[in-house]
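Contents: one structure, followed by commentary.
Chain naming here is simple, since letters A, B, ... match the order of the sequence lines and numbering starts at 1 in each.
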Amino acid sequence: MPLLADVAVPVPLSQAFTYEVPAALAGEVRPGARVLCEFHRRKLLGVVLAVSERSAAIDPSKIKPLAALVDARPALPAELLSFLQELAAYYFAPIGEVLRLALPAIEREQVRALKAQGELGGVLDLGRAKQVGGRKVAYASATDAVEEPGTLRGQAAAVLALLRANGEQPVARLEERYGNARSALKKLAERGLVALDEREPPRDPFFRLPEERDVPPELNPAQAEAAARIDAALAALSAPGRAAPSAPGGAEARGAAPREPRPAGPSAFLLFGVTGSGKTEVYLRAIKSCLDRGRGALVMVPEIALTPQLVARFRARFGDELAVLHSGLSDADRHAMWASLHGGKVRVAIGARSALFAPVPDLGLILVDEEHDGSFKQEEGVRYHARDMALLRAHRAGAVCVLGSATPSIESVALVRRGKLVELRLPERAHREASLPEVTLVDLRRFGAGPSGDPLISLPLHRALERTLAAKEQAILFLNRRGFAPSVVCGSCGNLTTCSACSVALTYHRGRRRDARPQAPAGAPAPGPAAPLDERPQGGLLRCHYCDYAGPLPERCGSCGSRTLLLEGLGTERLEATIAASFPEARVARLDRDVAGKDRSQAILARMREGKIDILVGTQMVTKGHDLPNVTLVGVVNADAALGLPDFRAAERGFQLLVQVAGRAGRRDRPGRVLIQTRNPEHPAIAFAAAHDVPGFLDREIRDREEVGYPPATRLALIRIDAVDEGVGRGAAARLAAHARTCPDGLARRVEVLGPSAAPIARLRGRYRFRVLLRARERGPLRGTLAALTGLMRDGIDRNARVIIDVDPVAML
DNA sequence: AGCACGCCGACT
DNA sequence: GTCGGCGTGCTC
Ligand SMILES: [Zn+2]
Ligand SMILES: [Zn+2]
């Protein structure tokens, strides 16, 4: 019988493909290793899922041999590989696409080896596999030798002076400044004045920054209790019968099978602690006890929480034992991090969503901080939820999982109630005597506009800002809308300016004031009630927040030709301008995606911390990050915006946002104040947030969900259909819905089929969008229906329609 | 997804 | 006459 390998290839197909293992590779091809294989007239990089001696299940004449082995040591350890396969099955995602999420770049060394085997001749098609490493860089440094005075001129002299002043430099850097650097260096080297060296450049500075180690602080009783419970779980899972921690290189030798009989006792926790209750210290202790037991740990945080300050805190405890995985990493740095974990040199990884796939050696602990955060759900490609999958990966690896939050997700609370998670509470703020901020609701139906004239800056908010400024304290104004004005409306006919590719209103962005160019005389719209004289558009842009469209503000209404275009509504840009005008003596700044990339936002928050800003206006971005101790006032400008969305999670998200933003008021010794502006003060999300009653809200929300039959009371899968042609999309959606209704689980009403219907955003990037929602009490029937639909998707659906299965959808828009 | 093969319109 | 449009079939 031939030696056959199941290989996943990077194509959107759910099956693996069978290849024959050539005799020469017989002992070396192992699960998790990447291989080069011919697939439908091209050469692809695949991953071996399994190897066995057996007779082929398909026509043996179709089976091709593997072309080459890429990894001597499997790139994916057994634990990761089997986890990824289960993830693919759970989300009905093609196995090749899922594996791609976890694969490292290819090392240049490996490419060289393949070329030597003659496998990469001509068409070097490794798909999107990035190449990395093996790149040597030339460095030059001055020696101690001294030249005879006056013998050096021009660039040679300049280069030597620079090297003497600044120490060793990459030759490439010198060439940027001195065109002749290379020949000058050669001459200098011949005379012994300069030493040349070639070596691989150093990796990410994260790696080598020497960091002062901190001394673990005393824990308060609640922290100590939580840490002890986690430690006990780690002890139980790491104890008898477990193999000793493996040496580097040995990890993948063990089978993928789940660890020996799982000991009883809790292994997954919900750490429920208010802001400032010291969750991070509990995490640090948990990681320490995990490492002490010889196992690795993985920490996941929302992308925007992965700040230098947070990393510094982990680094202060674990030094070099920490790999940081973030989006700003170059391919080379990312690969270096990956390799350090894979090789067992580093055993702790911290990162955002994608860190879920980090090859942490002998994984013993996964921490998910701010587990309620929506950014853990990937909303494109493989639509996985990193928090849910963290629970799965931990379970499979025999590891402990800790989800932490000040405002736990309803899903996690439901898991606690079903006994799947053990709740650990940190009830008080750890080492600050600060009391909870006082929350005032401002009913916008009763309070009109303050002196600024904008109805969303009410008199109470205006007065509160005045008082804060007078006390030399700081304020944050939270408004979850970027841009200047969220809509542009014709003053004559009421026509709303929309994106030509999407069915959404375009947002007017003024951009920086300095950029404002005078408009053609006839072009300036007459000032209307929504566009006061000093805010007339000058050189701003209309932008679509859902596609890349950006264009000038039209001079005339696209519908009736009128010149009276009104800028309606309030975005952060306009709020900043209005506040600055109302409080001319205050230093006002703005923090949102438009003003700040990752580094800029850190800089703005730093300026805030240094007291160089009085009022900070911004979106979600003002919500996360390090303490801002002098902030005593937080204004939520429009609490209703988040609550009105057509999404069953709107209340939950609104509540989380309110609690989180309110947590920014009054840390340290100062009591804080929170003003929430709303037209709906009785809304539970607002009322419970105002009362600081998180358990109360969770309780009520979980009952509401049961009543309306939404998760966690039921399970959902959203079938997203889109097509350039509206009819094609609608037709595909109708077929899918009909098929779902007539499959056995649909007929038996074990699965409820809602739709087809147009998506709330009916057109996006030029594609018409439809959906079918599947709802079931049990997961089994839901999966059965989805399986039936994937069958239909293979042949019964117009190829111009795109169909995406979204299991456990989060964003319902 | 890619990448072939195949069968109908307007171009040298 | 052919160049090229993209409908559809298949990939171990
Ligand atoms: Zn009009
Ligand atoms: Zn658009």
Side-chain angles (χ1 to χ4, degrees), chain A residues 1-26 29-70 81 84-85 88-89 91-103 106 119-130 378 380-384 720-729 731-732 735-736 765-767 789-806:
Chain A
M1 281 193 290
L3 188 58
L4 299 179
D6 292 324
V7 177
V9 287
V11 292
L13 299 169
S14 50
Q15 335 98 38
F17 292 84
T18 308
Y19 285 84
E20 189 183 339
V21 181
L25 296 175
V29 173
R30 282 183 285 166
R34 288 172 294 182
V35 289
L36 213 52
C37 50
E38 197 180 313
F39 184 79
H40 203 214
R41 283 170 277 241
R42 48 206 156 122
K43 210 163 255 181
L44 294 178
L45 194 58
V47 176
V48 177
L49 300 179
V51 189
S52 64
E53 219 165 330
R54 68 195 136 118
S55 51
I58 58 161
D59 176 5
S61 68
K62 285 186 157 181
I63 295 180
K64 294 174 180 162
L66 293 175
L69 177 66
V70 176
L81 182 65
L84 289 162
Q85 288 179 84
Y91 288 108
F92 290 85
I95 181 66
E97 311 261 285
V98 171
L99 292 173
R100 197 153 62 188
L101 297 170
L103 283 177
I106 269 210
E119 285 301 340
L120 256 43
V123 260
L124 174 77
D125 180 21
L126 290 174
R128 273 131 296 186
K130 301 254 174 56
Q378 173 131 70
E380 58 187 21
V382 182
R383 303 175 83 101
Y384 64 93
R720 304 167 176 271
I721 303 105
D722 66 33
V724 175
D725 184 276
E726 188 175 6
V728 167
R735 292 213 62 175
L736 287 159
R765 291 175 180 272
R767 301 179 73 92
L789 290 184
T790 55
L792 181 69
M793 283 159 60
R794 269 195 295 274
D795 46 2
I797 293 292
D798 190 319
R799 278 165 60 122
N800 293 309
R802 183 167 56 186
V803 182
I804 295 162
I805 292 177
D806 192 351

Worksheet item: Crowded around A:R735 CZ? As in, over 12 foreign heavy atoms under 6.0 Å?
Response: no
Discussion item. Please classify the nucleic acid contact of A:Y19 as base, sugar-phosphate, or nothing, using heavy-atom distances under 4.0 Å.
Written reply: sugar-phosphate
Item to complete: Starting from C1' on C:dG5, measure out to CG on A:N800 and report it in whole angstrom.
Response: 14 Å
Worksheet item: Could you give the CD1-to-P distance, from A:I797 to B:dA1, as a whole number of Å?
Response: 14 Å
Worksheet item: Does a distance-only test, which skips hydrogens and angles, find a donor-acceptor pair under 3.5 Å between the side chain of A:R799 and the base of C:dG9?
Response: yes
Worksheet item: Is there a donor-acceptor pair closer than 3.5 Å between any side-chain N or O of A:Y19 and the backbone N or O of A:E38?
Response: yes
Discussion item. Quick check for you: to the nearest 0.5 Å, what is the distance between A:L84 atom CG and A:R100 atom CZ?
Written reply: 13.5 Å
Worksheet item: Atom CD of A:E97 to atom C1' of B:dA1: distance rounded to whole Å?
Response: 8 Å
Item to complete: Rounded off to whole Å, could you give me the CG-to-P distance for the A:L44 and B:dC3 pair?
Response: 9 Å
Discussion item. In this structure, how many angstroms lie between the C1' atom of B:dC5 and the NE2 atom of A:H40, rounded?
Written reply: 10 Å
Item to complete: Mind calculating the distance between NZ (A:K62) and C1' (C:dT11) to the nearest angstrom?
Response: 8 Å
Discussion item. What contact category does A:I58 fall into here, base, sugar-phosphate, or nothing, at under 4.0 angstrom with non-hydrogen atoms?
Written reply: base
Practice prompt. Measure the CD-CG distance between A:Q15 and A:D6 for me, rounded to the nearest 0.5 Å.
Written response: 11.5 Å
Worksheet item: What does A:L13 touch in the nucleic acid at a heavy-atom separation under 4.0 angstrom: a base, only the sugar-phosphate, or nothing?
Response: base
Worksheet item: How is A:E38 classified with respect to the nucleic acid when contacts are heavy atoms under 4.0 Å: base, sugar-phosphate, or nothing?
Response: sugar-phosphate
